[in-house]
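Convention: sequence-line order gives letters A, B, ...; per-chain numbering from 1. Worth knowing before you read on, the calculation uses all heavy atoms, side chains too, and leaves out hydrogens, waters and symmetry mates.
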Amino acid sequence: MTPLPRFYNTLTRQVEPFEPMDGRTVRMYTCGPTVHDYAHIGNFRAYVFEDLLRRFLKFHGWGVIQVMNLTDVDDKTIRKSRAAGMSLKEYTQRYTQAFFEDLDQLRIERAEHYPAATEHIPDMIRLIERLIEKGYAYQSPDGSVYFSIARFPTYGRLARLDPASLRPGARVSQDEYEKDNVADFALWKAWDEADGDVAWDSPWGRGRPGWHIECSAMSMKYLGETFDIHTGGQDNIFPHHEDEIAQSEAATGHPFVRFWLHCAHLIVDGRKMSKSLGNFYTLRDLLQRGWTGREVRYVLLTTHYRQHLNFTFDSLDAARAALARLDDFRARLDGVAGTVPPASLPVWAADADGAFHEALADDLNISAAMAALFDVVHEGHRAMDTRSLPAAEAAAVRAMLQNWDRVLGILRPDETEPSPDVVELVRRREEMRAARQWAEADRLRAEILARGWTVQDTPQGPRLRRR
RNA sequence: GGCGCGGUAGCCAAGUGGUAAGGCGGAGGUCUGCAAAACCUCUAUGCAUCGGUUCGAUUCCGAUCCGCGCCUCCA
């Protein structure tokens, strides 16, 4: 009955029907943050996309086991923690906590596992040992270990890159002469002075893991050697995900991941976000400017994930207006439905329900899903205008929207209560209105507005709305 | 240079080989003490440009122009 979801698989560059391997539970891995600073809205675009994916898979009826890694050891975390005079752990814990606070603001559901790299060093070491045993990795004189891409013939398949054409780029560091091939990548990095006291013992001496190996070790630990979905930003396709495939499949001999889903980048005012352009925003920056996490979520959510998202303050304005409309509709629906038990859906709502599910099943076509949502708002208002929406049907529509919000995560309003003085102003305005003292009533309305609330006079009495 | 993505109304953004969803914004009207919200009407003879295929293309093919991403550790 329900349509099988179809997703665009980077591996095949095609939209393919998706079903979990075991038919019931989707196992997915999502590349998480490097906890060296507050995450920016470009990062959160990816996490909101992954949240939509996870919520939709559940909405569709499957279980989900999602793993998101926390990279808490790398060049940046080491450098910044030392600059701050803090231990690595102390430093990364601060930003890990900030990350989870931001996730809550954006209404991003928690994954089942958030493994930290530093807590899985033994898993990584074992994986590297397997690769050495099988001849896919070699130790360099300084004690680093590299993966030999020459030993892995399908290297470059995901990114569609020809390994032979890979040339050293500007960012290749000085110590790379240790490698057999410039495109070989580090599995284990021998300690050097810049690492300070950050080091673990290994069969190859003291050092720390390379970046890619954590994702292979932790994903396979929690999800098995072959799992359903791996996601990330498209900038991770190469080299990160390419390298994950190489080291994982070389070690296990099995396919690593069935579906690779990548989201496109976010740009701001038509340009790449950068500190020098002054268009670089963290979520905290936007909250400080008075935007809500819900509004930011709306903007990040409602552009299809494979489309470049142009983030602007105009788009936040539009989000605020659209959410206000949704809130007004919901409030009106509540007024009609009351506490009556739901009946069956009116035809227009049942149609929209089907369209909503089908839209998301079509590679997460959020635009079409939102169109279905606004069709419901429109038809619902029309029905209520003509008093042709019985309470039981209104209750059914309300229940349907609550169900949709399991996927969208935007319909539930923020709980903001007016302060007692605003409530008092509203009460006095009602008195003035009852006494037909329009000038005074209007003055009070202006005063209420100045305090951030709009008053709507409805048949059920005055209704307050933020801003 | 290699690989890839995109150019649809004022802004954002779906989509289809048969004649352009939706959101924001704007104009007029209904309702309202006045508003707000809602509702009604209007807001792309055209989907970067030029060719081609076709009965018919925004949708397929080719070329051109413009914008963007990745090419070794940025979601």
Side-chain angles (χ1 to χ4, degrees), chain A residues 10 13 30-34 39-50 71 74-76 149 156 159-162 165-173 176 182-186 189 210-212 231-240 242-243 262-267 270-274 298-299 302-304 306-312 314-322 324-329 331-332 355 359 362 365-375 377-378 380-382 384-386 433 436-439 441-442 445-446 449 454-458 462-463 465:
Chain A
T10 306
R13 310 285 160 122
T30 50
C31 278
T34 300
H40 58 69
I41 54 173
N43 298 320
F44 285 118
R45 198 265 166 111
Y47 305 137
V48 167
F49 146 62
E50 288 151 2
T71 300
D74 79 322
D75 290 351
K76 284 187 292 254
I149 66 162
R160 306 267 160 120
L161 287 173
D162 175 8
S165 71
L166 294 173
R167 293 281 180 275
R171 285 189 261 176
V172 174
S173 68
E176 304 287 320
V182 288
D184 287 354
F185 56 91
K189 293 181 163 187
W211 175 39
H212 316 298
T231 71
Q234 63 181 185
D235 54 323
N236 276 154
I237 294 172
F238 193 85
H240 185 50
E242 192 71 56
D243 291 351
H262 293 97
C263 73
H265 273 181
L266 172 149
I267 56 180
R271 315 198 58 175
K272 186 168 181 173
M273 185 164 56
S274 77
Y298 188 98
V299 171
T302 53
T303 292
H304 184 79
R306 286 194 285 119
Q307 190 73 45
H308 291 287
L309 192 164
N310 186 18
F311 186 92
T312 63
D314 281 350
S315 66
L316 279 171
D317 279 329
R320 176 168 287 179
R325 189 168 161 218
L326 293 170
D327 288 348
D328 285 344
F329 177 68
R332 190 177 181 195
D362 182 18
N365 187 338
I366 190 69
S367 301
M370 293 304 287
L373 174 62
F374 282 103
D375 283 346
V377 173
H378 189 243
H381 273 309
R382 277 175 58 128
M384 287 186 282
D385 275 357
T386 55
R433 292 184 68 223
R436 307 183 71 80
Q437 305 265 357
W438 306 126
D442 289 352
R445 182 166 62 198
L449 184 64
T454 303
V455 190
Q456 296 180 2
D457 298 323
T458 75
R463 172 166 181 261
R465 196 175 78 187

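Using a 4.0 Å heavy-atom cutoff across all strands shown, L266(A) reaches at least one base atom of the nucleic acid. Contacts of H240(A) with the nucleic acid, taken as non-hydrogen atoms under 4.0 Å apart, are absent. Among the protein residues, A371(A) comes within range of the nucleic acid bases, having at least one heavy atom under 4.0 Å from a base atom. Residue contacts for D457(A): at a heavy-atom cut-off of 4.0 Å it reaches a base atom on one of the strands shown.
Under the 4.0 Å criterion applied to side-chain N and carboxylate O atoms, D385(A) and R382(A) are not assigned as salt-bridge partners. With respect to the salt-bridge test (charged N to carboxylate O, under 4.0 angstrom), the residues D328(A) and R465(A) qualify. Checked for salt-bridge contact, R463(A) and D457(A) miss the test: no charged N lies under 4.0 Å from a carboxylate O.
Note on H262(A): every side-chain N or O is 4.0 Å or more away from OP1 and OP2 of C74(B). Listed pair Q307(A) / A14(B) meets the phosphate criterion, a side-chain N or O lying under 4.0 Å from OP1 or OP2. OP1 or OP2 of C74(B) sits under 4.0 Å from a side-chain N or O of K76(A). Here R160(A) does not reach the OP1 or OP2 of C70(B): none of its side-chain N or O atoms lies under 4.0 Å away. Neither OP1 nor OP2 of A36(B) sits under 4.0 Å from any side-chain N or O of R463(A). Contact check, R382(A) against C40(B): a side-chain N or O comes under 4.0 Å of OP1 or OP2. N43(A) has no side-chain polar atom (N or O) that falls below the 4.0 Å cut-off from OP1 or OP2 of C74(B).
When distances run from any side-chain atom of H308(A) to the nucleotides G22(B), C68(B), U72(B), the shortest one goes to C68(B). Of the candidates G2(B), U72(B), A36(B), the closest approach to any side-chain atom of L161(A) belongs to G2(B). Here the side chain of K189(A) is nearest to one of A14(B), C73(B), G33(B), namely C73(B).
Pair check for A27(B) finds U41(B); Watson-Crick or G-U wobble, both atom distances under 3.5 Å. Pair assignment for C73(B): none, as no Watson-Crick or G-U wobble contacts are both less than 3.5 Å. Pair assignment for U59(B) gives none, since no Watson-Crick or G-U wobble pairing has each distance under 3.5 Å. Nucleotide G6(B) forms a Watson-Crick or G-U wobble pair with C66(B), both donor-acceptor distances falling under 3.5 Å. Judged by Watson-Crick or G-U wobble contacts below 3.5 Å, the nucleotide U53(B) has no partner. Pair assignment for U32(B) gives none, since no Watson-Crick or G-U wobble pairing has each distance under 3.5 Å.
Mapped onto RNA chain B by nearest heavy atom, N310(A) and A372(A) fall at different nucleotides, with N310(A) at the one closer to the 5' end. If you find the closest nucleotide of RNA chain B to C263(A) and to D243(A), the one lying nearer the 5' end belongs to D243(A).
Closest approach of H308(A) and Q234(A) over heavy atoms only: CE1-OE1, 4.0 Å.
A stacked arrangement is not assigned to F374(A) and the six-membered base ring of G22(B), the conditions of a centre distance below 5.5 Å and an interplanar angle below 30° not being jointly met.
No side-chain heavy atom of E242(A) sits less than 4.5 Å from a side-chain heavy atom of I237(A).
To the nearest 0.5 Å, atom CE of residue M273(A) and atom CZ of residue F311(A) are 9.0 Å apart.
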